[in-house]
Number of protein chains: 2
Amino acid sequence: MIKQQIDYYASNDKMYVASDCIVFGFDQGELKLLIFKRRVEPDKGDWSLIGSFVELDEDDNTSAKRVLKQITGLDHVFLEQLKTYTRVDRDKGARCISIAQYALIRIDDYDKALVEKHGAYWCNLNEVPQLTLDHNQMVIDALEELRRKAKYQPIGFELLPEKFTIPQLQSLYEAIYQCEFDSGNFRKKVLSLKVLEKLEEKDKSNSRRGAFLYQFNADNYRKLVNSGYHFEI
Amino acid sequence: MIKQQIDYYASNDKMYVASDCIVFGFDQGELKLLIFKRRVEPDKGDWSLIGSFVELDEDDNTSAKRVLKQITGLDHVFLEQLKTYTRVDRDKGARCISIAQYALIRIDDYDKALVEKHGAYWCNLNEVPQLTLDHNQMVIDALEELRRKAKYQPIGFELLPEKFTIPQLQSLYEAIYQCEFDSGNFRKKVLSLKVLEKLEEKDKSNSRRGAFLYQFNADNYRKLVNSGYHFEI
DNA sequence: ACAAAAGTGTTACGTGTACACCCATGA
DNA sequence: TCATGGGTGTACACGTAACACTTTTGT
């Protein structure tokens, strides 16, 4: 029985499985993408997403988190599978499929020294250079997914510091959707969702008057979702 | 150079890559799922989604279409990547990841003889038996995706015959979302989208009066989308 | 006191929802 | 003629968008 089983599997071909990571950050009102210089052939020296081969004792998520930790020094980042790229000729080096994932990180938290040491670089999303293999397509797909998700799930908060102001949140959404929102309406909408906790502190970096800081209340969000609440921005 | 490249790839491990297919159909007002009896160890004889190993000269889509054609006799089905399942211990037989895809097919078109010959079976979506490996989870995820997509993209039509009535369309959506819609409002909504062409024929199978048949106009849909139109049911 | 950002209030409009109603037809 | 499903019309509630307006504070 076991013999037969092994034979059956063995009569098929294996492939390399890579995991590539589209890392988004938000800084100075701009969406950023983390890229670095490819260190292996083919196309050594080209810009590339960060990635790695998935090892036998890892799943895609574990693999991506390992690389992410290596390069940004960050643990506990938001990470989600995007799509698997399987074109036969996508990698000239070998038959290799890639499970792409996208990550959202609080850009002021990351270990700048580590990022630089690995030759990585935060590039502006409107100025993404030519990337290796099919990585540009991955970025396009990830951005589309981010836009789709941000509307129905509170993932935008993953890109902001713990405490943020309503105008900061608005500027993030304006960066994601590349358009302007009416500030009054945006504020009303976002507060009506009942997932923001107002703090006593103010942030005065952007105005004389200062804007109150808020915090995302994940517990409350979960409760609302469980009771059938439909989040939407 | 090439030597170094090959060495680099070779120092990593390969895996088996499978492609599993969640096949939805619609019949008698019910959503159906195509499953069949697994013919290989482990778990030979268990119910399973249809699937196969992805061959070296195939991408995931090609692979799924090959199996689908084999078992249903159908070409040109709607097929889209769902998600890739990579848990280390998901397959007891070997380290094997699976790229799941979901398909929507017009159930009255399929080759019934072929389906039966392969031991496949259309099961009711509310009565899915225990499936092998992580296939039950795949079905859950696929159903969620179908619900999400059907709201914003005209994929529902893939499950209906070429010509269908508005009440038929409504009954499909009721099956997908497991709730009832107001028929007047549903009709207004769906006709306001401007992608249905009214035919002269009537279908009298469900009422004495008969209901007019309609046809989905894909060209018109594409035009509307290109001009920024936002489809939503 | 004024510029500039934060924050509030008011109104008009379009869309979804509930529901009453008419139509066509075979038995 | 009546039961049944197909199809139309209307009235109201509500969320959104546009925009006028007030508040705060450093210079």
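Just so we're on the same page: letters track the sequence lines, and every chain starts at 1.
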Protein and nucleotides 16-18 of chain D: nitrogen or oxygen contacts under 3.5 angstrom:
residue, atom, partner, partner atom, Å
D:dT16, OP1, A:K189, NZ, 2.8
D:dT16, OP2, A:K189, NZ, 3.3
D:dA17, N7, A:N185, OD1, 3.4
D:dA17, N7, A:N185, ND2, 3.4
D:dA18, N7, A:N185, ND2, 3.0
D:dA18, N6, A:N185, OD1, 3.2

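A nucleotide of DNA chain C counts as in contact with chain A when one of its atoms lies under 4.0 Å from a heavy atom; the first and last such, 5' to 3', are C:dA3 to C:dT10.
Here B:R187 reaches the OP1 or OP2 of D:dG7: one of its side-chain N or O atoms lies under 4.0 Å away.
Here B:G184 lies in heavy-atom contact (under 4.0 Å) with a base.
Put simply, NZ on A:K204 is 11 Å from P on D:dT24, counting in whole angstrom units. Rounded to a whole Å, the CZ atom of A:F212 is 10 Å from the C1' atom of D:dT24. For the pair B:L191 CG and D:dG6 P, the interatomic distance rounds to 14 Å; values are reported in whole Å. Counting to the nearest Å, the C1' atom of D:dG5 and the CG atom of B:L213 are 15 Å from each other. We find that CG of B:D203 is positioned 12 Å from C1' of D:dG5, with the value rounded to whole Å. One atom, CD of B:E201, and another, P of D:dG6, lie 17 Å apart when rounded to the nearest Å.
Within a 6.0 Å sphere centred on CD of A:Q130, heavy atoms belonging to other residues, nucleotides or ligands number 12 at most. Within 6.0 Å of atom NZ in A:K194, 12 or fewer heavy atoms from other residues, nucleotides or ligands are found, so the atom counts as exposed in its surroundings.
In the model, B:T62 has a side-chain atom that pairs as donor or acceptor with a side-chain atom of B:D59 under 3.5 Å. Between A:E80 and A:Y102, the side chains place a donor N or O and an acceptor N or O closer than 3.5 Å (distance only, hydrogens not considered). Remark: the A:S205 side chain and the A:D203 side chain contain an N/O donor-acceptor pair separated by less than 3.5 Å.
Ring orientation note: the planes of A:F157 and A:F216 are close to parallel, at an angle under 30° on the 30°/60° scale.
Between the side chain of A:R209 and the base of D:dT23, at least one donor-acceptor pair of N or O atoms lies under 3.5 Å.
When all heavy atoms of B:L193 and B:I233 are compared, the pair lying nearest together is CD1-CG1, 4.0 Å. Of all heavy-atom pairs spanning B:D182 and B:Q170, the tightest one is C-NE2, 4.2 Å.
Geometrically, B:K83 engages B:Y85 in a cation-pi contact defined by less than 6.0 Å to the ring centre and at most 45° from the axis.
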